[in-house]
Amino acid sequence: MTTTRSTNDSSTQDNSTHGMGTTGHLTAATAHLHPPRTRRAFGTAKKLVAAYGALSAAVLITVAVLALTGHQVTSFMWGRSGGVLASAAVIYWMTVLAARGTRWAYLRVRILSVLMPIVIVGIDMIPGVCPLWFALIQAVSAVPLAAAAFLSNGSQLRAAFPKGS
């Protein structure tokens with residue numbers, strides 16, 4: 001049995017781009033992301049979004065444990081807790097991309113970090129849609145994301161992405 005090697009060595013390719021439009025090299029467009037205060041702000045934003053994800057996972061685990069122990073769990077609770085956890089993963093991914101200089105990701109983080117807590121609390125306030133305990137722990141899970149909204153919409157991170165960049 002013989003094996004053949006491909007002559008197309010991937011290590012010779014230009015590694016200046018790393019998917020989704022981000023670059024591996026410091027450019028004029030991303031130089032504004034490197035001041036220590038900006039890096040710290042993005043680090044804090046990532047931690048807040050990760051906390052949102054961890055609390056969202058706790059909600060889903062609580063629903064699963066209740067279901068396994070014979071308590072009543074609705075399909076709304078399953079779908080809602082799973083959807084909120086999925087949103088945490090997507091927002092975290094976009095926060096990482098924004099920290100690397102991707103403007104579209106930053107703009108979406110700004111919007112989603114404001115909207116998601118409002119949507120979470122707003123839907124849970126509809127009478128009869130879910131039990132009070134579920135609405136409360138969902139609201140608690142939204143608190144870190146609301147904090148990330150203040151940070152991502154603050155002047156420090158907005159200055160890192162001036163209009164027209």
Side-chain angles (χ1 to χ4, degrees), residues 17-24 30 32-161 165:
T17 60
H18 300 288
M20 303 305 295
T22 60
T23 62
T30 61
H32 53 276
L33 294 172
H34 294 284
R37 287 181 49 209
T38 303
R39 286 195 316 264
R40 275 193 305 272
F42 270 119
T44 302
K46 286 190 277 188
K47 289 175 187 170
L48 288 167
V49 174
Y52 166 62
L55 291 168
S56 299
V59 173
L60 182 59
I61 290 168
T62 301
V63 169
V65 168
L66 288 173
L68 291 171
T69 57
H71 293 86
Q72 182 180 1
V73 176
T74 65
S75 59
F76 170 82
M77 292 163 63
W78 279 108
R80 177 62 180 267
S81 54
V84 170
L85 180 57
S87 77
V90 170
I91 295 170
Y92 186 82
W93 171 67
M94 286 190 286
T95 304
V96 169
L97 290 178
R100 293 179 184 166
T102 306
R103 183 175 171 74
W104 68 262
Y106 168 69
L107 295 174
R108 282 158 183 83
V109 168
R110 284 185 64 191
I111 293 166
L112 289 173
S113 64
V114 170
L115 288 180
M116 285 303 296
I118 294 168
V119 168
I120 289 169
V121 173
I123 291 175
D124 288 342
M125 290 179 64
I126 298 170
V129 79
C130 61
L132 180 60
W133 67 265
F134 184 80
L136 289 175
I137 61 174
Q138 285 262 297
V140 168
S141 76
V143 170
L145 190 58
F150 283 102
L151 186 60
S152 65
N153 285 285
S155 60
Q156 179 67 39
L157 292 184
R158 279 188 290 121
F161 292 95
S165 65

[X] side, atom [atom1]; [Y] side, atom [atom2] - distance, nearest 0.5 Å:
X: L145; Y: I120; atom1: CG; atom2: CD1; value: 7.0 Å
X: M94; Y: S113; atom1: CE; atom2: OG; value: 9.5 Å
X: S81; Y: L60; atom1: OG; atom2: CG; value: 4.5 Å
X: S152; Y: L107; atom1: OG; atom2: CG; value: 10.0 Å
X: L132; Y: D124; atom1: CG; atom2: CG; value: 10.0 Å
X: S87; Y: Y52; atom1: OG; atom2: OH; value: 2.5 Å

Checking Q138 against V121 for the side chain to side chain contact (heavy atoms under 4.5 Å, CB included) test, could you report, in this order, the C-alpha distance in whole Å, the side-chain angles of both residues, the deciding distance, and whether it holds? CA-CA 8 Å; Q138 285 262 297; V121 173; over 6 Å; no
Is there side-chain contact between [X] and [Y], with at least one heavy-atom pair below 4.5 Å?
X: R108; Y: I91; result: no
X: T74; Y: F134; result: no
X: V59; Y: V84; result: no
X: V129; Y: R80; result: no
X: M77; Y: P131; result: yes
X: R40; Y: Q156; result: no

Tell me the closest heavy-atom pair linking [X] and [Y], and the distance in Å.
X: S141; Y: P144; value: O-CD, 3.3 Å
X: W78; Y: A67; value: CZ2-CB, 3.6 Å
X: S56; Y: L85; value: CB-CA, 3.9 Å
X: V49; Y: A148; value: CG2-CB, 4.2 Å

Before you tell me yes or no, could you show the steps for F42 and V96 under side chain to side chain contact (heavy atoms under 4.5 Å, CB included), namely the whole-Å CA-CA distance, both residues' side-chain angles and the distance that decides it to 0.1 Å? CA-CA 8 Å; F42 270 119; V96 169; over 6 Å; no
CZ/F76: more than 12 non-hydrogen atoms of other groups inside 6.0 Å: yes
For N153, does its backbone N or O pair with a side-chain atom of R158 as donor and acceptor, under 3.5 Å? yes
Is it the case that the side chain of T102 and the backbone of A98 share a donor-acceptor pair, with hydrogens and angles ignored and the cut-off at 3.5 Å? no
For the residue pair Y106 and F161, does the interplanar ring angle fall in the parallel (under 30°), tilted (30 to 60°) or perpendicular (over 60°) class? parallel
Per side chain to side chain contact (heavy atoms under 4.5 Å, CB included), V73 is matched among L66, T62, L68 by L66
Using side chain to side chain contact (heavy atoms under 4.5 Å, CB included), reason through T44 and L151 one step at a time and then give a plain yes or no. CA-CA 8 Å; T44 302; L151 186 60; 3.8 Å; yes
